[in-house]
Number of protein chains: 2
Amino acid sequence: MLPDQRREKIVEYAENNGYASLQQLAELLDTSESTIRRDLEYLDGKGQVRRTRGGVAYVGESLTDFDERTTRALSQKKRIGRAVADLIEPGDSILLDGGTTTLEVARHLVNRPLQVVTNSLPIAQLLMNSPETELILIGGYLYPKTGVALGPIAVEALRTIRVRRLIMSVGGITREGMFNSNSLLVEAEQRMLETAEEVIVAVDAGKFGRNALSKLCELDRPDRIFVDSGLDDNWKEILGSTDVELTIVE
Amino acid sequence: MLPDQRREKIVEYAENNGYASLQQLAELLDTSESTIRRDLEYLDGKGQVRRTRGGVAYVGESLTDFDERTTRALSQKKRIGRAVADLIEPGDSILLDGGTTTLEVARHLVNRPLQVVTNSLPIAQLLMNSPETELILIGGYLYPKTGVALGPIAVEALRTIRVRRLIMSVGGITREGMFNSNSLLVEAEQRMLETAEEVIVAVDAGKFGRNALSKLCELDRPDRIFVDSGLDDNWKEILGSTDVELTIVE
DNA sequence: GCCATAACGATCAATATCAATCATTATCCA
DNA sequence: TGGATAATGATTGATATTGATCGTTATGGC
């Protein structure tokens, strides 16, 4: 890889994650720590990043900084995002549904060698400048506000796709199953469920017990559920009686 | 292969990938590294690319501002964009291809009651916050840097769509027809041509006489061509002998 | 405060890339 | 055609980058 290219990636990675360790960067860019050190020295001199002991921090308005000051639910989403991303292996093909939680997952997928399919404009935007990632966009009627593509075009496009893992979030979970607020969204998501070998649901604990407009699937349909530590013991029991593998993120 | 042709391809490749190594280029163009070095020296001198150790980097927006010629091309693109947008009527359904010129068109479509279909991520991003505009996104393999969706998914999605007007740009125009640099792109664009009642091509005059990799269509296939006033008289004659309606934007 | 550990900067040998040069080949023009 | 000019590919010495290693310095736990 070209030196300039490598340095640009370092800035990009730091920008997306707010911080990056030397080891992370060395592994990610497949080079020695010495080289990374020299790159950081160079970039720090140019003012593009700020060196810290053990790594590097992005300077200026970071995407993550923008969110940093927000609610606890978001910091939980960040943790969930990291936990889910740690599960992903190099070369995986994954389908990312729209949503703020899945966006947090996507942040940790930047510059990793993956095949990512998504119907979310923000996620696509985020991963577009990640050269290691092969990105496939699901088109369709673009739902305002959330920037998610839905409708018949999306459903049709999903028909031709097969992925190893689906990562999605939901609007509400009750004993009756999982729900979302928009029926067009649910229709697309039901199609997603069919295309993935493994289904991973990532939600914050606040979604449990809440209902929403349209039923997506049964409670035991996912293979894995990632949730933060705020989950009620009662719900742990309920999920324990199913085949779903529950991961509590501390 | 002609030296000029080769150099153009180098710029093209760098533009599409952001970076290119000497070895890549030498292999791609079937020539020695010495020749590539000389080409890069030449192109760097002209400011078309930036040399880096081991290869070459595409010159981004930051540097183009200093280049008088490209700045002028941009202001021309802006004028062309406005002229094309003036043609659009309320309620129109239009298909916007990717590219900097069509992006300028899109800027003038914000908050207008339209149905817009596009395969370009930047255009979708721009129009997403326009409540009046119904936005339909064409999905597919997302081409890095340019953010345009291509490939079989895009082609298939275009099959189900009909629009009143197609607005596209091209990479080069010769007597033999219209060309673009990427064969996947051309394939999608050919499908676009089939779905539109009226085809509008918007280009700056610099594209005339220039060749590109892959042939898109015949010279007289568009219904209208918008171009800036820099167009050669010779070309005006050639286009005058066809059915294409030529609009010169002052 | 003290130790163990981790990160740092400096240095060196190995490697990769560069610019300059030269002989050969292709292209142009009379 | 023939001569001049330009472009090409290979070579070479110079230079820059890289990865490993070393002694030094900062950090965190006890």
Side-chain angles (χ1 to χ4, degrees), chain A residues 1-59 62 64 79 82 86 90 108 111-113 131-132 250, chain B residues 1-60 63 174 176 209-213:
Chain A
M1 177 175 320
L2 275 57
D4 254 29
Q5 206 172 352
R6 190 183 55 238
R7 288 171 185 154
E8 210 169 279
K9 280 194 188 208
I10 291 175
V11 176
E12 210 175 281
Y13 187 84
E15 185 171 352
N16 284 327
N17 297 281
Y19 176 83
S21 75
L22 269 167
Q23 292 175 353
Q24 274 181 317
L25 291 170
E27 190 182 351
L28 177 74
L29 300 170
D30 195 29
T31 184
S32 72
E33 294 191 12
S34 290
T35 300
I36 300 292
R37 272 182 225 284
R38 279 183 280 251
D39 283 342
L40 295 190
E41 188 178 6
Y42 170 82
L43 290 169
D44 189 49
K46 278 189 66 179
Q48 297 212 39
V49 298
R50 188 168 47 82
R51 287 192 74 178
T52 68
R53 191 171 182 82
V56 63
Y58 180 67
V59 291
S62 159
T64 49
R79 266 182 290 238
R82 171 172 287 275
D86 284 346
H108 296 284
N111 275 327
R112 287 175 59 178
E132 295 288 327
E250 297 299 337
Chain B
M1 178 181 312
L2 274 59
D4 271 0
Q5 217 170 345
R6 189 182 57 237
R7 286 168 186 159
E8 219 168 278
K9 274 179 191 279
I10 291 175
V11 175
E12 212 174 278
Y13 188 84
E15 191 170 347
N16 285 334
N17 296 279
Y19 285 93
S21 74
L22 270 166
Q23 293 176 354
Q24 277 180 316
L25 291 170
E27 191 181 349
L28 178 73
L29 300 170
D30 194 29
T31 183
S32 72
E33 294 191 11
S34 289
T35 300
I36 300 292
R37 271 181 224 284
R38 279 184 280 254
D39 284 341
L40 295 190
E41 190 177 6
Y42 170 81
L43 290 169
D44 188 48
K46 277 188 66 179
Q48 297 210 35
V49 298
R50 186 169 49 81
R51 287 192 75 178
T52 71
R53 192 170 184 84
V56 63
Y58 177 64
V59 183
L63 277 176
T174 72
E176 280 74 41
R210 273 181 57 181
N211 217 323
L213 192 71

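Sequence lines set the chain letters: A, B, ... in the order given, protein chains first and strands last, and positions in each chain run from 1. No hydrogens, no waters, no symmetry mates; every other heavy atom, side chains included, goes into these values.
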Visitor: Within less than 4.0 Å of OP1 or OP2 of C/dT17, is there a side-chain N or O belonging to B/Q23?
Guide: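 Answer yes for this pair, as a side-chain N or O of B/Q23 is under 4.0 Å from OP1 or OP2.
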Visitor: Starting at atom CG of A/L22, determine the distance to atom C1' of C/dT5, rounded to an integer number of angstrom.
Guide: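 One finds 16 Å between C1' of C/dT5 and CG of A/L22, rounded.
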Visitor: What contact category does A/S21 fall into here, base, sugar-phosphate, or nothing, at under 4.0 angstrom with non-hydrogen atoms?
Guide: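 Result for A/S21 = nothing.
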Visitor: Are there over 12 heavy-atom neighbours, none belonging to A/D86, within less than 6.0 Å of that residue's CG?
Guide: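 Count over threshold, so yes.
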Visitor: In whole Å, I'd like the distance from the CD atom of A/E41 to the C1' atom of C/dG9.
Guide: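 Going from CD in A/E41 over to C1' in C/dG9 covers 8 Å.
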Visitor: Which value, rounded to the nearest 0.5 Å, describes the distance between A/Q23 atom CD and A/L28 atom CG?
Guide: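 The distance works out to 13.0 Å.
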Visitor: Rounded to the nearest 0.5 Å, how far apart are OG1 of A/T52 and CG of A/D44?
Guide: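 With rounding to 0.5 Å, OG1 (A/T52) is 10.0 Å from CG (A/D44).
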Visitor: Give a yes or no on whether A/R82 atom CZ has more than 12 heavy-atom contacts from other residues, nucleotides or ligands under 6.0 Å away.
Guide: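 No.
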Visitor: In Å and rounded to the nearest 0.5 Å, what is the OH to OH distance from A/Y13 to A/Y19?
Guide: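 Interatomic distance, A/Y13 OH to A/Y19 OH, rounded to 0.5 Å: 11.0 Å.
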Visitor: Could you say whether B/R38 or B/G54 is positioned toward the 5' end of DNA chain C, judged by the nucleotide with the nearest heavy atom to each?
Guide: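 Nearer the 5' end of the strand: B/G54.
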Visitor: Give every donor-acceptor pair under 3.5 Å between a side-chain atom in residues 36-43 of chain A and any protein atom, sequence neighbours left out.
Guide:
residue, atom, partner, partner atom, Å
A/R37, NH2, A/E33, OE1, 3.4
A/D39, OD1, A/R6, NH2, 3.2
A/D39, OD1, A/R7, NE, 2.8
A/D39, OD1, A/R7, NH2, 3.3
A/D39, OD2, A/R6, NE, 2.5
A/D39, OD2, A/R6, NH2, 3.2

Visitor: Using heavy-atom distances to pick each residue's nearest nucleotide on DNA chain D, tell me which of B/T35 and B/R53 is more 5'.
Guide: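 By nearest-heavy-atom nucleotide position, the 5'-most residue is B/T35.
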Visitor: Could you tell me how far apart A/M1 (CE) and C/dA16 (C1') are, to the nearest whole angstrom?
Guide: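 Taking atom C1' of C/dA16 as the reference, CE of A/M1 is at 16 Å.
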Visitor: What is the separation between atom CG on A/L25 and atom P on C/dC8, rounded to the nearest whole Å?
Guide: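 Rounded to whole Å, this separation is 11 Å.
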Visitor: B/R37 CZ to C/dA19 P: how many Å, rounded?
Guide: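 Atom-to-atom, B/R37 to C/dA19, this comes out as 7 Å.
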Visitor: From CG of B/L40 over to P of C/dA20, roughly how many Å is that when rounded to an integer?
Guide: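 Rounded to the whole Å, the gap is 15 Å.
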Visitor: Reading DNA chain D from 5' to 3', where do the contacts with chain B start and stop? Cut-off is 4.0 Å to heavy atoms.
Guide: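 Under 4.0 Å from chain B, the extent on DNA chain D is D/dT8 to D/dT17.
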Visitor: Roughly how far, to the nearest 0.5 Å, is CZ of A/R51 from CG of A/L22?
Guide: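 Going from CG on A/L22 over to CZ on A/R51, the span is 7.0 Å.
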Visitor: Would you kindly give the CZ-to-P distance between A/R51 and C/dA7, to the nearest whole Å?
Guide: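 Rounded to the whole Å, the gap is 12 Å.
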Visitor: For A/S32 and for B/D30, find the nucleotide of DNA chain D with the closest heavy atom, then tell me which residue's nucleotide is more 5'.
Guide: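 Of the two residues, B/D30 wins.
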Visitor: Between C/dA7 atom C1' and A/E33 atom CD, what is the distance in whole Å?
Guide: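 Atom CD in A/E33 sits about 9 Å away from atom C1' in C/dA7.
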